Amino acid sequence: MRDFSLYVILDKAVQRGRSHLEVAREAIRGGATVIQLREKNLPTRPIFEEALKLRQLTRELGALFIVNDRLDVALAVSSDGVHLGEEDLPVDVARKLASNIIIGCSCDTVERARELERLGADYLGVGTVFPTATKKDAGEPIGLSRLKEIKQAVRIPVIAIGGINLSNLDAVLETGVDGVAVVSAIVGAESVFEAASLFRKKIDAWRKP
């Protein structure tokens, strides 16, 4: 079974000068189960080269590897999956091109969540839940109530995203989501390993019967 519980998104803008590879390694050591490469401003070749290194690392350390936006790069490096936003390929088109990889999609409404599930999405990245500075086009926060409504409306995994930190993590997990996607609270921390470990500890505490 795929484990989306701690989904860490790489972002060089907040990584304190550390490489994607260094941050990903420490995040996985701390308990991340998914690493996503998000590079919106680089040409294709450097994204491909970064993705290739991360593919090898995540395979060695046993984490899922997801490429943001770029189905071509995801296929080129044999990543586990691709995450698609509203301006990327439609999920049903991506599914026809790549039937065997995980396809995740962003959404923020119940109606859209149901549609994406029907079209073939494997999981949903739902938010932004809280205000965030790491995604400038994130829109208005949806809050915990709508997050819970979306979780209850679909059968596929729901990953909460946007402004999630250790202070609000319990409230997010209480909605029943299958995982949390985190950027700055982990990749921007002084110690990526320690930050990921603290998230891991709280998530595991919620998972206990």
Side-chain angles (χ1 to χ4, degrees), residues 1-15 18-28 32-108 112-113 115-128 134-135 137-138 154 156-162 178-183 186-187 196:
M1 186 175 178
R2 296 161 178 162
D3 184 352
F4 293 100
S5 60
L6 184 51
Y7 186 127
V8 172
I9 300 175
L10 303 175
D11 186 340
K12 278 187 177 168
V14 294
Q15 286 175 189
R18 296 171 294 212
S19 70
H20 284 329
L21 209 59
E22 178 183 0
V23 170
R25 182 181 292 110
E26 291 303 293
I28 297 169
T33 55
V34 184
I35 296 293
Q36 185 195 106
L37 173 62
R38 185 163 76 186
E39 278 286 4
K40 292 185 175 289
N41 300 315
L42 289 179
T44 300
R45 179 64 70 87
I47 297 176
F48 165 73
E49 290 171 353
E50 291 276 14
L52 203 56
K53 290 184 281 188
L54 289 164
R55 169 68 292 186
Q56 183 175 351
L57 178 76
T58 51
R59 189 170 277 149
E60 289 172 359
L61 299 183
L64 293 173
F65 177 47
I66 305 290
V67 175
N68 192 51
D69 296 346
R70 300 290 301 269
L71 180 60
D72 56 340
V73 175
L75 291 173
V77 303
S78 299
S79 74
D80 295 295
V82 65
H83 186 88
L84 302 173
E86 291 285 346
E87 297 181 350
D88 301 320
L89 280 174
V91 61
D92 51 336
V93 174
R95 178 59 72 204
K96 287 178 183 174
L97 294 171
S99 60
N100 296 323
I101 71 171
I102 300 167
I103 298 180
C105 297
S106 301
C107 80
D108 59 6
R112 182 64 175 154
E115 180 184 22
L116 290 169
E117 180 180 43
R118 180 177 56 78
L119 291 173
D122 292 301
Y123 74 91
L124 301 174
V126 175
T128 176
T134 56
K135 198 166 188 297
D137 59 347
V154 296
I156 56 177
V158 168
I159 318 301
I161 184 169
D178 302 275
V180 292
V182 184
V183 188
I186 291 181
V187 307

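Not measured: the values here are computed from a predicted model. Numbers here are sequence positions counted from 1.
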- Query: Hey, what's the ring geometry for Y123 with F4, parallel, tilted or perpendicular (30° and 60° as the breaks)?
  - Reply: tilted
- Message: Whether the side chain of Q15 engages the backbone of D11 through a donor-acceptor N/O pair (distance < 3.5 Å, no angle test) should be reported.
- Response: yes
- Task: Starting at CG of D69, measure out to NZ of K40 and round the result to the nearest 0.5 Å.
- Result: 3.5 Å
- Message: Quick one, D80 with R55, criterion salt bridge (Lys or Arg N to Asp or Glu O under 4.0 Å). Give me CA distance, side-chain angles, the key distance, then yes/no.
- Response: CA-CA 9 Å; D80 295 295; R55 169 68 292 186; 3.1 Å; yes
- Query: Crowded around Q56 CD? As in, over 12 foreign heavy atoms under 6.0 Å?
  - Reply: no
- Closest non-hydrogen atoms of I28 and A63, given as atom of the first, atom of the second and distance, are CD1-CB, 3.8 Å
- Message: Less than 4.0 angstrom from a charged side-chain N to a carboxylate O is my criterion; do E115 and R112 meet it?
- Response: yes
- Query: How far apart are the C-alpha atoms of R95 and D122, what are their side-chain angles, what is the distance that settles it, and do they pass the salt bridge (Lys or Arg N to Asp or Glu O under 4.0 Å) test?
  - Reply: CA-CA 10 Å; R95 178 59 72 204; D122 292 301; 2.5 Å; yes
- From D88 atom CG to L71 atom CG, the distance as rounded to the nearest 0.5 Å: 9.5 Å
- Note on the structure: Interatomic distance, CD1@I102 vs CG@L64, rounded to 0.5 Å, equals 5.0 Å
- Item | Value rounded to 0.5 Å, distance of OG1 in T128 from CD1 in I161 | 7.5 Å
- Note on the structure: What one should report as the nearest heavy-atom pair of G120 and V91 is C-CG2, 4.1 Å
- Query: In Å and rounded to the nearest 0.5 Å, what is the CZ to NZ distance from R38 to K12?
  - Reply: 14.0 Å
- Sequence neighbours excluded, which residues qualify as side chain to side chain contact (heavy atoms under 4.5 Å, CB included) partners of E49? R45
- Message: Go through it in stages, so that I can follow the logic: the residues are L97 and L89, the test is side-chain contact (heavy atoms from CB on, under 4.5 Å), and I'd like the CA-CA distance, side-chain angles, deciding distance and then a yes or no.
- Response: CA-CA 10 Å; L97 294 171; L89 280 174; 4.2 Å; yes
- Query: Nearest 0.5 Å, what's the CG-CG distance between L37 and L52?
  - Reply: 11.5 Å
- Query: For V187 and I9, what are the C-alpha separation, side-chain angles and deciding distance, and is it a side-chain contact (heavy atoms from CB on, under 4.5 Å)?
  - Reply: CA-CA 8 Å; V187 307; I9 300 175; over 6 Å; no
- Under 3.5 Å, is there a donor-acceptor pair between the side chain of E117 and the main chain of I156? yes
- Message: Between T33 (side chain only) and D3 (backbone N and O only), is there a donor and an acceptor less than 3.5 Å apart?
- Response: yes
- Can you tell if the side chain of V34 reaches within under 4.5 Å of the side chain of R2, non-hydrogen atoms only? no
- Message: Using side-chain contact (heavy atoms from CB on, under 4.5 Å), reason through L10 and L54 one step at a time and then give a plain yes or no.
- Response: CA-CA 11 Å; L10 303 175; L54 289 164; 3.7 Å; yes
- Item | Sub-4.5 Å side-chain heavy-atom contact between S19 and K53 | no
- Note on the structure: Heavy atoms of R70 and I47 approach each other most closely as NH1-CD1, 3.9 Å
- Chi angles and distances behind the side-chain contact (heavy atoms from CB on, under 4.5 Å) call for L6, V180: CA-CA 6 Å; L6 184 51; V180 292; 4.1 Å; yes
- Note on the structure: Of all heavy-atom pairs linking A51 and V73, the shortest is CB-CG1, 3.8 Å
- Item | Minimal non-hydrogen separation, S106 against H83, with atom names | OG-NE2, 2.8 Å
- Item | Closest non-hydrogen atom pair between L124 and C107, with its separation | CD1-SG, 4.1 Å
